[in-house]
Each structure stands twice: as C-alpha cells, then as structure tokens.
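As structure tokens, the structure follows; a few thoughts come after it.
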Amino acid sequence: MSGQAGVLRVVVIGGSGFLGSHVADQLSEEGHSVCIYDRKESPWCRPNQEMVVADLSDESRLTEAINGSDVVYNFAALADLDDATSRPKETAETNILGNVKVLECCLRNDVGRFVFASTVYVNSREGGFYRCSKRAAEEYIQEYQRAYDLDFTILRYGSLYGPRASDSNSLRMILGQAMRDGFIRYVGSAEAIREYVHVEDAARASVSILGESYRNRTVVVTGLESIRMSDLLAMCA
C-alpha cells in the first residue's frame, strides 16, 4: 500500500449507508484519508471526508474516485431480503456484476486491498437471492486474487443494529412496531437463529482488518452470542 506513516487513502463505496457511514467515520478517526462514493449524498459526511455522488454504472467517475487509492471498501448492495426475493435480476446486477465492476476498477488502478461486505448467512439456507449473490461475489473476489493478485479481505457480518439503521432493519422494525402499535407481529420461523452485532463494534472491526494478518482472508464480524428469534421477541415484548 502506498500510504505513508500508516495513513491510507480509502474509498468507501456505499459509504452513505448504515454500515458504510460508520466505517467511514472509523477510518477518519484512525487518521486515514476517506472518500465516500455513493449514489446519494451522505448526511453524515464529515468536513475532512470527500463525497462523490455517482452510481456504480458510471465507470469514469468510479475510476476517478478509486485512482490513487490504497484500499477500497464495497458496501454497495441490494440488501433488503424482501426486495432481493422479488427482484432477483436486479440483485444479481448490483451485488454480483456491480462488484465485478469495482474489482476491475481496483485492478486497473493497482489498489492494494479490496474489502468486501458479505454476510454470515452465505453458507446457510436463509437469505434467498441475497445470500446467493453474496456467495457468488465472494467467489469472484477469490478468483480475482488467484488470477490477478488483487488482495482482499471479505467481511461476513451478522445482523447489524444501532444508530442510522433504516426502517427496513429487522430489529428497528420489531421495536418500532412494539412502540407504535403496542404489539409485535413477526412473520418467519420462531426457531431461526440470529447473530446480532452493534454497528459501531462492526465498524471498528472493519478497520482493524487492514493489518497484514487479514490479507486474503475471510473474517466473521458478529456478536459473541447467537439468539433464537423466539427469545429475541420475548425480550422485546
């Protein structure tokens, strides 16, 4: 990596979102130079962070943003499970082909490390087309490393919660319904297991992996304990 004295130039694609914005904050806290690349402007963009508003399909803007970078994070995804279920084609275009576009751009610009946001559910039966797309994207990343020596770190996140979560965040939905309606309605298996992690803890972990020991590795980022949905719902109630 070309950053001097530990200072890196980092591009956070999808940095206006829930997790991406927290990771961008943590990178700035660590003293790195941060560029947020997203199709919408981040309400949390700091004065010392660069903001590029553009789509993944805009390869010239993407190339311009990534040029000269040491590390590129990719948080851009169609991540809502219900959306992914009803829009499998768009899920593949964004989560697989969109990720390949970023890989190609990193390759052309000699990026030192590509960091990819995946999910702990890639090897489970849950997650539908979202899970499929993340698993395929992981395999592309690993193959790019073997074929072109583009180093990576894959981060498999558990279920995130905390500040800045969207209305589609599962825990926010459950608690919001309880506060608004006075009851909880949950559609799904009560025996399903979730592995929750606070977004700020996940962000700190997402920056700590820039050390050499995490190069070309897959890292699970989640809480210390799993919880059954029936227990979580009882806790919320």
Side-chain angles (χ1 to χ4, degrees), residues 1-4 7-28 31-80 83-84 87-118 129-130 133-134 136-155 166 206-207 210 215-216:
M1 297 184 188
S2 60
Q4 297 179 355
V7 177
L8 304 171
R9 185 178 190 279
V10 185
V11 176
V12 184
I13 299 172
S16 297
F18 176 34
L19 176 57
S21 66
H22 282 284
V23 172
D25 284 352
Q26 187 62 33
L27 286 163
S28 292
H32 301 303
S33 174
V34 176
C35 171
I36 296 171
Y37 187 101
D38 204 301
R39 62 183 180 181
K40 61 180 181 181
E41 189 160 354
S42 173
W44 304 289
C45 184
R46 298 184 175 190
N48 63 341
Q49 294 173 341
E50 179 186 356
M51 182 75 227
V52 176
V53 180
D55 198 86
L56 276 184
S57 61
D58 191 338
E59 293 192 28
S60 62
R61 297 291 302 281
L62 186 63
T63 298
E64 182 181 352
I66 288 179
N67 183 36
S69 297
D70 301 295
V71 181
V72 172
Y73 285 76
N74 187 15
F75 293 100
L78 197 161
D80 185 274
D83 276 354
R87 300 163 61 195
K89 179 174 177 287
E90 292 90 339
T91 300
E93 288 173 344
T94 301
N95 298 1
I96 303 174
L97 296 179
N99 190 59
V100 171
K101 287 181 181 178
V102 178
L103 287 169
E104 281 290 313
C105 201
C106 290
L107 196 61
R108 290 195 300 268
N109 288 280
D110 297 319
V111 170
R113 182 91 64 90
F114 176 74
V115 183
F116 179 67
S118 188
F129 291 117
Y130 174 72
S133 68
K134 287 295 185 178
E138 284 193 13
E139 292 183 359
Y140 266 94
I141 292 163
Q142 292 161 355
E143 198 60 36
Y144 262 78
Q145 200 285 323
R146 286 189 285 265
Y148 304 116
D149 203 29
L150 174 59
D151 289 343
F152 68 87
T153 303
I154 293 170
L155 300 175
S166 69
S206 302
V207 176
L210 293 177
R215 188 180 293 273
N216 299 325

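Counting begins at 1 with the first residue of the sequence.
Among residues at least two apart or in separate chains, ring-ring contact (aromatic ring centres under 6.0 Å, His included) pairs with a member in residues 61-80 are Y73-F75. Here side-chain hydrogen bond (donor to acceptor under 3.5 Å, both in side chains) pairs that include residues 10-27, with residues two or more places apart or in two chains, are S21-R164, D25-R46, D25-R164, Q26-E30. Listed by first then second residue, pairs satisfying salt bridge (Lys or Arg N to Asp or Glu O under 4.0 Å) with a partner in residues 10-20 number zero, not counting sequence neighbours.
Here the shortest heavy-atom pairing between V52 and C35 reads CG2-SG, 3.8 Å. Counting all heavy atoms, side chain and backbone alike, K40 lies closest to M51 at O-CE, 3.5 Å. The minimum heavy-atom distance between V207 and V23, with the atom names listed, is CG2-O, 4.2 Å. Scanning both residues, S118 and E138, for their nearest heavy atoms gives OG-OE2, 2.6 Å. V102 approaches N74 most closely through the heavy-atom pair CG2-ND2, 4.1 Å. Between L78 and N95 the shortest heavy-atom distance is N-OD1, 2.7 Å.
Here the straight-line distance linking atom OG1 of T94 with atom CG of D55 works out to 8.0 Å at 0.5 Å rounding. Atom CG of residue L150 and atom SG of residue C106 lie 6.0 Å apart, to the nearest 0.5 angstrom. The line from NE2 of H32 to CG of D70 is 9.5 Å long, rounded to the nearest 0.5 Å. Separation of atoms CD (E90) and CG (L97) is listed at 12.0 Å; rounding is to 0.5 Å. Considering CZ of F114 and OG1 of T153, their distance stands at 10.5 Å, rounded to 0.5 Å. Interatomic distance, CG of L155 versus OG of S206, reported as 5.0 Å (0.5 Å rounding).
Around the CD atom of E41, the shell of radius 6.0 Å holds no more than 12 heavy atoms that belong to other residues, nucleotides or ligands.
For N109 (side chain) and V111 (main-chain N/O), no donor-acceptor pair under 3.5 Å exists by modelled atom type. At least one donor-acceptor pair under 3.5 Å links the side chain of K134 to the backbone N or O of A117. The backbone N or O of D151 sits nowhere less than 3.5 Å from a side-chain atom of R215 that would complete a donor-acceptor pair. The backbone N or O of A24 sits less than 3.5 Å from a side-chain atom of Q49, completing a donor-acceptor pair.
Listed by chain and number, the residues in a ring pair (Phe, Tyr, Trp, His ring centres under 6.0 Å) with Y130 amount to none (sequence neighbours excluded). Taking the salt bridge (Lys or Arg N to Asp or Glu O under 4.0 Å) definition, one finds that E139 meets it with nothing, sequence neighbours left out. Applying the salt bridge (Lys or Arg N to Asp or Glu O under 4.0 Å) rule to R39 yields no partners; only residues at least two apart in sequence or on another chain are considered. Under the salt bridge (Lys or Arg N to Asp or Glu O under 4.0 Å) criterion, E93 pairs with K89, sequence neighbours left out. Looking at residues two or more places apart in sequence or on another chain, you find a ring pair (Phe, Tyr, Trp, His ring centres under 6.0 Å) between Y148 and Y144. Residues that satisfy the side-chain hydrogen bond (donor to acceptor under 3.5 Å, both in side chains) test with Q142, not counting sequence neighbours, are absent from this structure. Applying the ring pair (Phe, Tyr, Trp, His ring centres under 6.0 Å) rule to Y37 yields no partners; only residues at least two apart in sequence or on another chain are considered. Residues passing the side-chain contact (heavy atoms from CB on, under 4.5 Å) test with E143 are R146, sequence neighbours excluded. Annotation: ring pair (Phe, Tyr, Trp, His ring centres under 6.0 Å) contacts of F129 (sequence neighbours excluded): none.
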### Query
Please walk me through it: do I141 and N99 pass side chain to side chain contact (heavy atoms under 4.5 Å, CB included)?
CA-CA 9 Å; I141 292 163; N99 190 59; 3.7 Å; yes

### Task
Could you give me the CA-CA distance, side-chain angles and deciding distance for L62 and I13, then say whether side chain to side chain contact (heavy atoms under 4.5 Å, CB included) is met?
CA-CA 9 Å; L62 186 63; I13 299 172; 3.9 Å; yes

### Task
Go through the steps for K101 and S57 under the test side chain to side chain contact (heavy atoms under 4.5 Å, CB included), then give the verdict.
CA-CA 8 Å; K101 287 181 181 178; S57 61; 4.2 Å; yes

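Looking only at side-chain heavy atoms (C-beta outward), L8 and L27 stay at 4.5 Å or farther from each other.
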